[in-house]
Amino acid sequence: MSHDHSLNPETMPQEPEKATHEGKNKFLGLWFFLGGETVLFASLFGTYLALRNSTADGPSSQDLFGLELVFIMTILLLTSSLTSVYAMYHMKNNDFAKMQLWLGVTALLGVGFLAFEIYEFAHYITDYGFTFRSSAFGSAFYTLVGFHGGHVAFGLSWIIVLMARNAKRGLNLYNAPKFYSFSLYWHFIDVVWVFIFTVVYLMGMVS
Amino acid sequence: MANNPNTSKLKMNSFQRQKKKEEMKKQVISFALMIGFTLIAFGLVGFSEMDSMFLVPILLILAVVQVGFQFYYFMHMKDKDHEMPAVMIYGGVFAAMLTLAALIVITWW
């Protein structure tokens, strides 16, 4: 099938991710999935908003959260969103090496984000004794933020496998939709994070 | 665009390359704006003494605008052939709003 379509900048279609039937299906399928993810995260956000004041005399959001850490994490994830845009730009110009480079930068920024999140959770648990079982607020917080962190971890393993599997193949119409699907998923993770830093952290510090 | 069949492909490529470059410039501008919104949001929480009655709606509006940039520019929802993605996402947003409204109202008092 499309495995053997080797492309050069002259023969590359304008939108390689949607040039094949399979690519179009992947594109629509991933958006369908993201619509479902929106609802999934909405239920976790709703649960968090409902339970955020039920601290059971344990630490509250004002006791726990600090602006600096969350700001660094936000910048890391936001920048990784831009670097994956750069990767897709090079994909559309059929520059495989540069696409891999930018995807690598994206993955590194994602790893940095995840490391800060693990540090944050460890800090809450060891310094404040704030765990999943501390209070309803604790359960809702770790479920919501942890689910997002889990999505980051899944996205990281996805892109690492994708980059390694296709490292010697180069770009073709078979794997272009796969890279594009990843980039959409990664942007969506950033969308969820925007609401997490606003609703959980910033709103948790003012009210 | 040239109509000469021998040069049209080459011209086409440089034309499209140019278009992609302009597109990329827009993406970088969106990124700068998103960073700006983030800075404003963190700055308001960190340095202003605003009442939370006003602050919370402002924070939420900043988040929604930033997410709009993410969807329409970074995820290309502004481009053509994105009707179905819009249907899926707005369908998801509709169900999300119902879920949020239900869970917030049930614990309001």
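Values reported hereafter were calculated over all heavy atoms of this structure, with side chains retained and with hydrogens, waters and symmetry mates removed. Chain naming here is simple, since letters A, B, ... match the order of the sequence lines and numbering starts at 1 in each. In this text, all values refer to a predicted model and were calculated from it rather than measured experimentally.
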Mind running side chain to side chain contact (heavy atoms under 4.5 Å, CB included) on A:V70 and A:W193 for me, showing each step along the way?
-> CA-CA 10 Å; A:V70 180; A:W193 179 255; 4.2 Å; yes
Give me the ring orientation class for B:F71 and A:F188: parallel if the planes are under 30° apart, tilted from 30 to 60°, perpendicular past 60°.
-> tilted
Neighbourhood of chain B inside residues 25-32 of chain A, taking heavy atoms under 4.5 Å as contact | A:F27, A:L28, A:W31, A:F32
Give the member of B:F37, B:F74, B:W108 that has the highest number of heavy-atom pairs under 4.5 Å with chain A.
-> B:F74
Are there more than 12 heavy atoms of other residues, nucleotides or ligands under 6.0 Å from atom CG of A:D57?
-> no
Check each atom of B:Q70 against the heavy atoms of chain A and say whether the ones under 4.5 Å are side chain, backbone, both or neither.
-> side chain
With A:S60, which residues qualify under side-chain contact (heavy atoms from CB on, under 4.5 Å), at least two apart?
-> A:T55, A:Q62, A:D63
Under 6.0 Å between ring centres, would you say that holds for A:Y142 and A:F137?
-> no
With a 4.5 Å heavy-atom cut-off (strictly below), which parts of residues 72-85 of chain A touch chain B? List them by number.
-> A:T74, A:I75, A:L78, A:T79, A:S81, A:L82, A:V85
Aromatic ring proximity, centroids under 6.0 angstrom, A:H90 and A:F96 = no
Cut-off 4.5 Å, heavy atoms of chain A, and the answer for B:L60 is both
Taking A:Y201 as the fixed residue, which of A:F195, A:F65, A:F71 is the one that meets the ring-ring contact (aromatic ring centres under 6.0 Å, His included) rule?
-> A:F65
One option among B:A96, B:A86, B:G92, B:P85 has the most heavy-atom pairs under 4.5 Å with chain A, and it is B:P85
In terms of heavy-atom proximity below 4.5 Å to chain A, should B:I104 be classed as side chain, backbone, both, or neither?
-> side chain
Pair A:K24-A:E17, salt bridge (charged side-chain N to carboxylate O under 4.0 Å, His left out): steps then yes or no = CA-CA 7 Å; A:K24 284 191 187 113; A:E17 76 278 9; over 6 Å; no
Between A:V199 and chain B, which part of the residue has a heavy atom less than 4.5 Å away: side chain, backbone, both or neither?
-> side chain
Just by distance, do the side chain of A:N166 and the backbone of A:L162 share a donor-acceptor pair under 3.5 Å?
-> yes
Under 4.5 Å from a heavy atom of chain B, the part of A:F33 involved = neither
Passes side chain to side chain contact (heavy atoms under 4.5 Å, CB included), A:M88 versus B:M24? Steps please.
-> CA-CA 10 Å; A:M88 290 307 107; B:M24 203 55 228; over 6 Å; no
I would like to know whether B:K78 and B:H82 meet side chain to side chain contact (heavy atoms under 4.5 Å, CB included); could you show each step before the answer?
-> CA-CA 7 Å; B:K78 66 176 172 46; B:H82 279 69; over 6 Å; no
Ion pair present between A:K178 and A:E22, side-chain N to carboxylate O less than 4.0 angstrom?
-> no
Donor-acceptor pair, side chain of B:S52 and main chain of B:L55, under 3.5 angstrom = no
Could you look at B:L59 and say if it's the side chain, the backbone, both or neither that has a heavy atom under 4.5 Å from chain A?
-> both
Full working for side chain to side chain contact (heavy atoms under 4.5 Å, CB included) between A:Y86 and B:V28 | CA-CA 9 Å; A:Y86 271 107; B:V28 175; 3.5 Å; yes
Are the ring centres of A:H151 and A:F41 closer than 6.0 Å?
-> yes
What's the spacing between A:L156 CG and A:I159 CD1 if we round to 0.5 Å?
-> 9.5 Å
Which members of residues 99-119 of chain A, sorted by number, sit under 4.5 angstrom from chain B on a heavy-atom basis?
-> none
Evaluate ring-ring contact (aromatic ring centres under 6.0 Å, His included) for B:F42 paired with A:F197, printing each intermediate quantity in order.
-> CA-CA 9 Å; B:F42 276 86; A:F197 86 66; 5.2 Å; yes
